[in-house]
Amino acid sequence: MKLKFKNKPIEFLTILILAICTSGFIINETKQHHQSITPPAEVEIHPQKLSNFTLKEGESYQLVNSSIKQFYTINFKGTIEKFDTLSIGKGSGRYLTSNLTITPDSIISTRITNVTNRKAIKHALQLKNELSIKIERDLSSSTITIINEGDTLSFSSDFIGMNHPFIRSSGTQIKVDTFEFICEDYFSDVFVFGDSYVNSASPARWPYYTHAAGYQFLCDGLPGGRSKDSFDFINAAFSIHQPKYAIWCLGMNDKSDEGRIPNEDWKNYAKKVMDLCAKHNVTLIFSTVPSVEKRNNRGKNDFVRASGYRYIDFDKAVSDGEGKWKEGLLAKDGVHPTEKGAEAMADRFLLDFPEIKKYNR
């Protein structure tokens with residue numbers, strides 16, 4: 001982390017022992033609070049913004065659920081009445097979830113990948129009266145800004161986040177003015193939902209090239225995500241804004257098809273998405289899913305091609321349709337595309353969905 005502290009000098013220190021002990025900071029049973037927005041029966045919708053409430057000891061508040069990893073801001077502003085420990089983050093316990101824990105003398109940054117990574121720094125914040133925390137995520141990095149009693153602490157971070165933004169208290173009470181999740185892409189006309197294939201930050205993923213071309217779209221891709229996960233995300237996104245197009249790129253992490261019979265769970269959620277888009281007057285576009293050694297998706301692709309809906313033929317872009325990928329397009333992990341494969345998929349996206357060219361960032 002690169003640390004800049006205005007008005008007061010601060011001591012920079014990596015405290016591994018303190019970081020390891022962060023799990024002990026939240027000792028009370030957490031009370032969950034949210035304001036529901038009339039969801040479908042199986043989906044709980046959280047708001048994009050909460051205002052004018054008191055965060056009490058042991059309480060936790062959550063915002064809208066998503067797997068958005070780029071181009072967002074988490075804002076928190078309030079007045080401290082009592083302070084011990086405060087945590088703010090996006091998601092918990094799964095890949096790429098991230099959080100900051102603020103104690104009277106340290107800030108502990110946690111991010112989960114294949115392992116849990118923690119870093120701690122010392123601070124000299126007074127932690128009284130007005131407090132502002134801003135997490136600004138761009139394409140591939142984040143900036144954290146904390147303002148308190150005229151002092152500004154700002155540093156770069158590897159914070160990414162996944163699922164609900166949250167704020168959580170332990171021994172702290174704050175009169176909160178605003179807690180919100182801001183993402184300009186929520187108001188675009190194209191929403192894309194998917195799994196680890198859907199990522200704007202990696203040149204081995206097709207949205208990277210679509211974004212680099214200057215096109216605007218909501219990129220909501222959960223690594224390891226299944227149709228059930230993205231059904232939650234699409235409902236949450238529609239509670240904020242109904243786009244003109246929704247592009248559904250799920251299937252690789254749903255179970256394999258039996259021969260050419262699509263997996264039943266995947267099929268059920270595909271039908272739910274059809275109904276949801278029809279209800280909100282959103283044009284639904286499916287995508288085919290390439291088969292790999294570990295996963296047969298031929299039945300899913302037959303269903304998509306026979307559905308009568310438009311679709312992005314990613315399967316055709318990289319393979320023969322039977323699981324044999326074109327030379328140089330499949331990565332060594334046997335699941336994901338190479339950069340060359342991602343470029344081929346991006347080309348196919350533009351071919352099958354030329355309307356994206358109307359929407360410049």
Side-chain angles (χ1 to χ4, degrees), residues 1-19 21-28 30-31 33 47-63 72-90 98-111 118-138 141-159 161 164-182:
M1 296 182 183
K2 294 180 179 179
L3 200 61
K4 295 178 289 183
F5 197 89
K6 301 175 183 177
N7 301 333
K8 287 190 176 183
I10 69 165
E11 179 183 1
F12 181 90
L13 180 63
T14 300
I15 313 172
L16 294 177
I17 296 175
L18 179 59
C21 295
T22 55
S23 60
F25 289 150
I26 308 303
I27 58 176
N28 291 339
T30 301
K31 301 176 184 177
H33 293 262
Q48 189 180 12
K49 180 178 180 178
L50 289 169
S51 301
N52 302 320
F53 64 96
T54 298
L55 175 67
K56 299 178 181 179
E57 180 175 353
E59 290 187 334
S60 175
Y61 286 77
Q62 293 182 332
L63 298 178
Y72 69 75
T73 299
I74 298 173
N75 267 335
F76 178 82
K77 294 181 181 179
T79 301
I80 297 170
E81 297 179 343
K82 179 176 69 172
F83 196 92
D84 183 3
T85 301
L86 183 70
S87 294
I88 184 169
K90 191 170 188 291
S98 304
N99 69 76
L100 302 172
T101 296
I102 304 171
T103 73
D105 64 359
S106 301
I107 298 172
I108 301 108
S109 174
T110 303
R111 189 179 79 159
R118 289 191 178 98
K119 298 177 183 178
I121 59 171
K122 286 288 190 180
H123 70 73
L125 296 167
Q126 297 182 55
L127 295 176
K128 63 182 182 179
N129 300 323
E130 294 184 2
L131 174 67
S132 170
I133 305 170
K134 180 180 286 188
I135 301 169
E136 296 176 283
R137 175 73 184 169
D138 59 22
S141 65
S142 297
T143 300
I144 313 297
T145 304
I146 302 173
I147 301 174
N148 178 242
E149 287 292 276
D151 295 322
T152 299
L153 174 63
S154 181
F155 55 93
S156 60
S157 170
D158 61 1
F159 188 107
H164 298 280
F166 70 87
I167 190 80
R168 183 169 59 236
S169 160
S170 179
T172 292
Q173 182 163 309
I174 298 177
K175 186 176 176 60
V176 179
D177 296 323
T178 301
F179 178 42
E180 62 183 332
F181 178 73
I182 302 168

Just by distance, do the side chain of [X] and the backbone of [Y] share a donor-acceptor pair under 3.5 Å?
{"X": "Ser106", "Y": "Ala120", "result": "no"}
{"X": "Thr172", "Y": "Thr85", "result": "yes"}
{"X": "His123", "Y": "Thr103", "result": "yes"}

Partners of Glu130 by side-chain hydrogen bond (donor to acceptor under 3.5 Å, both in side chains), sequence neighbours excluded?
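Partners of Glu130 by the side-chain hydrogen bond (donor to acceptor under 3.5 Å, both in side chains) criterion come out as none, since no residue qualifies.
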Kindly indicate whether the side chain of [X], heavy atoms from C-beta on, has any atom under 4.5 Å from the side chain of [Y].
{"X": "Leu63", "Y": "Lys49", "value": "no"}
{"X": "Phe179", "Y": "Ile74", "value": "yes"}
{"X": "Ile167", "Y": "Ser60", "value": "no"}
{"X": "Leu100", "Y": "Ile144", "value": "yes"}
{"X": "Leu131", "Y": "Leu86", "value": "yes"}
{"X": "Ser170", "Y": "Thr101", "value": "no"}
{"X": "Gln173", "Y": "Thr54", "value": "yes"}

How long is the gap from [atom1] on [X] to [atom2] on [Y], to the nearest 0.5 Å?
{"X": "Asp158", "Y": "Ser98", "atom1": "CG", "atom2": "OG", "result": "6.5 Å"}
{"X": "Lys128", "Y": "Ile80", "atom1": "NZ", "atom2": "CD1", "result": "10.5 Å"}
{"X": "Thr73", "Y": "Lys134", "atom1": "OG1", "atom2": "NZ", "result": "6.5 Å"}
{"X": "Asn148", "Y": "Leu153", "atom1": "CG", "atom2": "CG", "result": "10.0 Å"}
{"X": "Lys90", "Y": "Gln62", "atom1": "NZ", "atom2": "CD", "result": "11.5 Å"}
{"X": "Tyr61", "Y": "Ser169", "atom1": "OH", "atom2": "OG", "result": "10.0 Å"}

Non-hydrogen atoms of Glu59 and Leu55 that approach each other most closely:
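For Glu59 versus Leu55, the nearest heavy atoms are O-CD1, 3.6 Å.
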Minimum heavy-atom separation for Thr145 and Ser154, please, with both atom names.
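For Thr145 and Ser154, the tightest heavy-atom pair comes out as OG1-OG, 3.8 Å.
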Audit row: Leu125, Ile146, side chain to side chain contact (heavy atoms under 4.5 Å, CB included) steps and yes/no:
CA-CA 9 Å; Leu125 296 167; Ile146 302 173; 3.8 Å; yes
Could you label the plane-to-plane angle of the Tyr72 and Phe159 rings as parallel, tilted or perpendicular, counting under 30° as parallel and over 60° as perpendicular?
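Judged by the thresholds at 30° and 60°, the geometry between Tyr72 and Phe159 is perpendicular.
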